[in-house]
**Student:** 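Quick one: the structure is below, questions incoming.
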Amino acid sequence: MQQVNPFKTLKSYRLAGLQHDLPAGISVFLVALPLCLGIALASGAPLFSGLVAGIIGGLIVGTLSGSELSVSGPAAGLAVIVADSIVKLGTFEAFLVAVMLAGVFQLVLGLLKAGRFSSLFPDSVIKGMLVGIGIVIILKQIPHALGRDNDYEGEFEFTQLADGENTISEIYRAFVTASPGAVLISFLSILVLIFWERSAGKGVKFFKNLPAALTVVFLGVILNQLYSLYYPDWYLGDNNEHMVRVPIMKAGQHLSAIFDYPDFSVLANPAVYTVAATIALVASLETLLNLEASDRLDPLRRTSSTNQELIAQGVGNITSGLLGGLPITSVVVRTSANVFGGGKTRLSTIIHGLFLLGAVALAGSVLNHIPLSCLAALLMVVGYKLAKPSLFVNIYRDGLNQFVPFIVTVVGIVFTDLLIGISVGTVIGLLYVLYTNSQATFRVVRDQNNVLIKFQKDVYFLSKPQLKETLHSLKPGDTVYVDGRQASFIDHDIVNMLNDFTETARIQGIQYELHEIFLKKRYAKDHASLRKAITGE
């Protein structure tokens, strides 16, 4: 597989790629904008801090990233940690120091090549993460599509912090209080997105070149303004409840005035290092998982550099903390929007960052007319693409050892949150791996009183119960031959148990012979064969 080199990609980029990356960048921008604001609100941080993190995630992390498609920004999974940490450290300015230190920790992890540990997550868990997040996106956007915007965008936990409701009860209340205006906007937006994608797939240039997400936004804005003229009862208004709400800079206010800056006097407080380590650990975990997922979504099947990504995230978090931003991670929702929006290179990520910067500097008053219901439609389509029903069927056909960890991860994410779902799914997945490896490690052939116990592959301690049962089934008068030639590794416990049975066999009148049963170093036979071939001995 081709490994990503960020500097080579940028150097070799051609403007012709803009036909893919520009529409994708706009789509990601429209998805990221309410998420940045919502996550900042949920974190108890200034709204601008979410936008700052999104801008840095696009411009700096996007440039240095180890992936062509991964998009970084503030993450919903860190919202609770951020809120608790701000309270613990006393001020947001003190918290910014922890964000910078977290970036330093990530930088060190990248230089130590800790990214390799991302490969430890089972394939079924990565698939479950994508599907679970897709379902959560759909469920969480249904209330917004129906005009119930009580909860902030980006709240992906099952139990909602904002109002004490949960995902299911919130959907029920949304149906009870549905706004006809919002329902029509979201319904028409979904139809437009489906029609647009099918037309673009047929090669119609107009639909290929004009971003569907931008069309949906214009549709939502125009419909809402028409409501105000002809259907006042359907009008969603221009208020914080139903619209995107970008903070607007005051007249004459310099851009630098919106930033918060870290209070380095807290470096003497041990608690800041604990918070920084927690953020670094959780953010790195989310990033590595998303990187695995983005490689799976990549149509070109490129392989991301996990160590380069950790370095990029570290630089991004140092910068974000310095300029008053929230912690940054690679985020599945934005990455998925990038892939399904047709993004091909990191330019789409950088473009989304430029648009976020423009939103802060110039376009707040314009963007604040966008109804959340049309953006909900955009996110619901992304969620459906992540969680198509056919995926469940395909993974079920792969066998229970794949399906069970997959479905446990999906259910865990939907009914708890991202990190708990992934943790439970990973544990179940690893247990299945261990169980599978413990099966059929040896076979037993009996011909009257002659018994052959033949190891067929490496033997781990998990095979002890099965092997112990086999030894206990031997009868007086049996002639037993234990053949370990096919195993390049035999666990210490297995060797001890077989050797200990020698005395038991003598007492019971069993002829018992061990062949190549000793503590083998893995691949020792391969190394010996190679040495023999080279030296001619």
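In this text, all values refer to a predicted model and were calculated from it rather than measured experimentally. Throughout, numbering of the chain's residues begins at 1 and tracks the sequence.
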**Student:** Would you call His242 and Asn224 a side-chain contact if the rule is heavy atoms closer than 4.5 Å?
**Tutor:**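 They are not in side-chain contact.
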**Student:** Ignoring hydrogens and angles, tell me if any N or O in the side chain of Gln308 forms a donor-acceptor pair with the backbone of Leu64 under 3.5 Å.
**Tutor:**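 At least one qualifying donor-acceptor pair exists.
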**Student:** Under a 3.5 Å cutoff, is there a donor and acceptor pairing between the side chains of Ser330 and Ser70?
**Tutor:**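 Side chains of Ser330 and Ser70: pair found under 3.5 Å.
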**Student:** At their closest point, which heavy atom of Leu89 faces which heavy atom of Ala98, and how far apart are they?
**Tutor:**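 Looking at all heavy atoms of both residues, the shortest contact is CD1-CB, 4.1 Å.
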**Student:** What distance separates Ser348 OG from His20 NE2, expressed to the nearest 0.5 Å?
**Tutor:**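 Separation between the atoms: 11.5 Å.
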**Student:** Is the distance between the ring centroids of Phe29 and Phe355 under 6.0 Å?
**Tutor:**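 So the answer is yes for these two rings.
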**Student:** How many angstroms lie between atom CD1 of Ile185 and atom CG of Leu375, to the nearest 0.5 angstrom?
**Tutor:**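 Output value for this atom pair is 10.5 Å.
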**Student:** Would you confirm whether Ser49, through its side chain, and Gly324, through its main-chain N or O, come within 3.5 Å as a donor-acceptor pair?
**Tutor:**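 Checking the backbone N and O of Gly324 against the side chain of Ser49, no donor-acceptor pair under 3.5 Å is found.
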**Student:** Go through the steps for Leu139 and Ile171 under the test side-chain contact (heavy atoms from CB on, under 4.5 Å), then give the verdict.
**Tutor:** CA-CA 8 Å; Leu139 295 177; Ile171 292 174; 3.8 Å; yes
**Student:** Check Ile133 against Leu418 and note the closest heavy-atom contact, atom names and distance.
**Tutor:**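 Between these two residues, the closest heavy atoms are CD1-CD1, 3.6 Å.
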**Student:** Grab the two heavy atoms, one from Gly316 and one from Ile328, that are nearest each other, plus how far apart they are.
**Tutor:**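 Residues Gly316 and Ile328, closest heavy atoms: O-CD1, 3.7 Å.
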**Student:** Between Leu96 and Gly321, which heavy-atom pair has the shortest distance, and what is it?
**Tutor:**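 Looking at all heavy atoms of both residues, the shortest contact is CB-O, 3.5 Å.
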**Student:** Backbone N or O of Met100 within a donor-acceptor pair of the Asn317 side chain at under 3.5 Å?
**Tutor:**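 Side chain of Asn317 to backbone of Met100, a donor-acceptor pair under 3.5 Å: no, none is there.
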**Student:** Heavy atoms, side chains only, cut-off 4.5 Å: are Phe392 and Ile407 in contact?
**Tutor:**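 The answer is yes; the side chains approach within 4.5 Å.
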**Student:** Filter on salt bridge (charged side-chain N to carboxylate O under 4.0 Å, His left out), then keep only pairs touching residues 376-392, sequence neighbours left out; what's left?
**Tutor:**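 Applying salt bridge (charged side-chain N to carboxylate O under 4.0 Å, His left out) to every pair that reaches into residues 376-392, excluding sequence neighbours, yields Glu197-Lys385.
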**Student:** Hey, can you tell me if Phe406 and Phe403 have their rings parallel, tilted or perpendicular (30° and 60° cut-offs)?
**Tutor:**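 Phe406 and Phe403: tilted rings.
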**Student:** Is there a side-chain contact (heavy atoms from CB on, under 4.5 Å) between Leu22 and Ile351? Walk through the geometry before answering.
**Tutor:** CA-CA 7 Å; Leu22 180 58; Ile351 288 168; 4.0 Å; yes
**Student:** Measuring from atom OG of Ser27 to atom CG of Asn338, what distance do you get when rounded to the nearest 0.5 angstrom?
**Tutor:**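 If I round to the nearest 0.5 Å, the distance is 8.5 Å.
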**Student:** Where the side chain of Ser228 meets the backbone of Gln225, is there a donor-acceptor pair that is under 3.5 Å apart?
**Tutor:**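 Answer holds: yes.
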**Student:** Would you say the side chain of Cys374 lies within less than 4.5 Å of the side chain of Phe218, judging by non-hydrogen atoms?
**Tutor:**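 SC-SC contact between Phe218 and Cys374 ruled out.
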**Student:** So, does Asp21 use its side chain to make a donor-acceptor pair with the main chain of Lys344 at under 3.5 Å?
**Tutor:**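 Side chain of Asp21 to backbone of Lys344, a donor-acceptor pair under 3.5 Å: yes, one is there.
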**Student:** Do Ser65 side-chain atoms and Ser67 backbone N/O form a donor-acceptor pair below 3.5 Å?
**Tutor:**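 Checked: pair present.
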**Student:** Within a strict 4.5 Å, meaning less than it, do heavy atoms of the Phe340 and Val381 side chains meet?
**Tutor:**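 Counting from C-beta outward, Phe340 and Val381 never come under 4.5 Å.
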**Student:** Could you give the distance from CG (Leu419) to OG1 (Thr426), rounded to the nearest 0.5 Å?
**Tutor:**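 Taking CG in Leu419 and OG1 in Thr426, the distance rounds to 10.5 Å.
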**Student:** Mark yes or no for whether His144, through its side chain, and Gln141, through its backbone, hold a donor-acceptor pair below 3.5 Å.
**Tutor:**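 Flag not set: sc His144 to bb Gln141 has no pair under 3.5 Å.
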**Student:** With respect to Leu297, which candidate in Leu130, Leu69, Val332 satisfies the side chain to side chain contact (heavy atoms under 4.5 Å, CB included) definition?
**Tutor:**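 Per the side chain to side chain contact (heavy atoms under 4.5 Å, CB included) rule, the option paired with Leu297 is Leu130, out of Leu130, Leu69, Val332.
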**Student:** Should Leu289 and Phe121 count as side-chain neighbours, where that means a heavy-atom distance under 4.5 Å?
**Tutor:**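 A side-chain contact exists here, since the closest heavy-atom pair is under 4.5 Å.
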**Student:** Is it the case that the side chain of Asp298 and the backbone of Arg302 share a donor-acceptor pair, with hydrogens and angles ignored and the cut-off at 3.5 Å?
**Tutor:**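 It does hold such a pair.
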**Student:** Using the rule given for side-chain contact (heavy atoms from CB on, under 4.5 Å), can you reason through Val333 versus Phe156, listing the C-alpha separation, both sets of side-chain angles and the distance that settles it, and then say yes or no?
**Tutor:** CA-CA 11 Å; Val333 179; Phe156 292 149; 3.7 Å; yes
**Student:** How about Arg198: does its CZ atom have over 12 heavy atoms from other parts shown lying under 6.0 Å from it?
**Tutor:**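 Atom CZ in Arg198 is not crowded, with 12 or fewer foreign heavy atoms closer than 6.0 Å.
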**Student:** Calculate, to the nearest 0.5 Å, the distance between atoms OH and CG belonging to Tyr227 and Asp233 respectively.
**Tutor:**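 The distance works out to 12.0 Å.
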**Student:** Have Ser284 and Gln106 got a donor and an acceptor in their side chains that come within less than 3.5 Å?
**Tutor:**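 Side-chain D/A pair, Ser284 to Gln106: present.
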**Student:** Taking only distance into account, with no hydrogens and no angle test, what donor-acceptor pairs under 3.5 Å do side-chain atoms of residues 210-217 form with protein atoms, sequence neighbours excluded?
**Tutor:**
| residue | atom | partner | partner atom | Å |
| --- | --- | --- | --- | --- |
| Thr215 | OG1 | Pro211 | O | 3.2 |

**Student:** Can you tell if the side chain of Ile86 reaches within under 4.5 Å of the side chain of Val82, non-hydrogen atoms only?
**Tutor:**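 Of all side-chain heavy-atom pairs linking Val82 with Ile86, at least one is under 4.5 Å.
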**Student:** Which of parallel (below 30°), tilted (30 to 60°) and perpendicular (above 60°) describes Phe195 and Phe207?
**Tutor:**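 Taking Phe207 first and then Phe195, their aromatic rings stand perpendicular (interplane angle over 60°).
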**Student:** Do the charged groups of Asp123 and Arg296 touch, with an N to O distance under 4.0 Å?
**Tutor:**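 Salt bridge between Asp123 and Arg296, a charged N being under 4.0 Å from a carboxylate O: yes.
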**Student:** Contact between Ser179 and Leu236 at the side-chain level, heavy atoms closer than 4.5 Å - yes or no?
**Tutor:**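 Side chain of Ser179 against side chain of Leu236, heavy atoms only: contact under 4.5 Å found.
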**Student:** Apply side-chain contact (heavy atoms from CB on, under 4.5 Å) to the pair Leu367 and Ile370, showing each step before the final yes or no.
**Tutor:** CA-CA 6 Å; Leu367 296 170; Ile370 300 175; 3.7 Å; yes
**Student:** Under the 3.5 angstrom rule, does the side chain of Asp295 hit a backbone N or O of Ser304 as a donor-acceptor pair?
**Tutor:**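 Between the backbone of Ser304 and the side chain of Asp295 there is a qualifying donor-acceptor contact (under 3.5 Å).
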**Student:** With heavy-atom distances below 4.5 Å as the criterion, would you say the side chains of Ile138 and Ile135 are in contact?
**Tutor:**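 Ile138 does not reach Ile135 side chain to side chain.
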**Student:** Where the side chain of Arg346 meets the backbone of Gly62, is there a donor-acceptor pair that is under 3.5 Å apart?
**Tutor:**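 Yes, because the side chain of Arg346 sits within donor-acceptor range (under 3.5 Å) of the backbone of Gly62.
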**Student:** Is any side-chain N of the basic residue among Arg173 and Glu165 closer than 4.0 Å to the acidic one's carboxylate O?
**Tutor:**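 Yes, this pair counts.
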**Student:** Search all heavy atoms of Gly50 against all heavy atoms of Ala40 and return the closest pair with its distance.
**Tutor:**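 Scanning both residues completely, I find the closest heavy atoms to be N-CB, 3.8 Å.
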**Student:** Considering all heavy atoms of both residues, which atom of Ile60 and which atom of Val315 are nearest to each other, and what is their separation?
**Tutor:**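 Taking every non-hydrogen atom into account, CG2-CG1, 3.9 Å.
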**Student:** Any chance you could lay out the side-chain hydrogen bond (donor to acceptor under 3.5 Å, both in side chains) test for Thr335 and Asn290, step after step, and finish with the verdict?
**Tutor:** CA-CA 8 Å; Thr335 301; Asn290 185 52; 3.1 Å; yes
**Student:** Once rounded to the nearest 0.5 Å, what's the spacing between atom CG of Leu41 and atom SG of Cys36?
**Tutor:**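 Nearest 0.5 Å value for the CG-SG distance: 13.0 Å.
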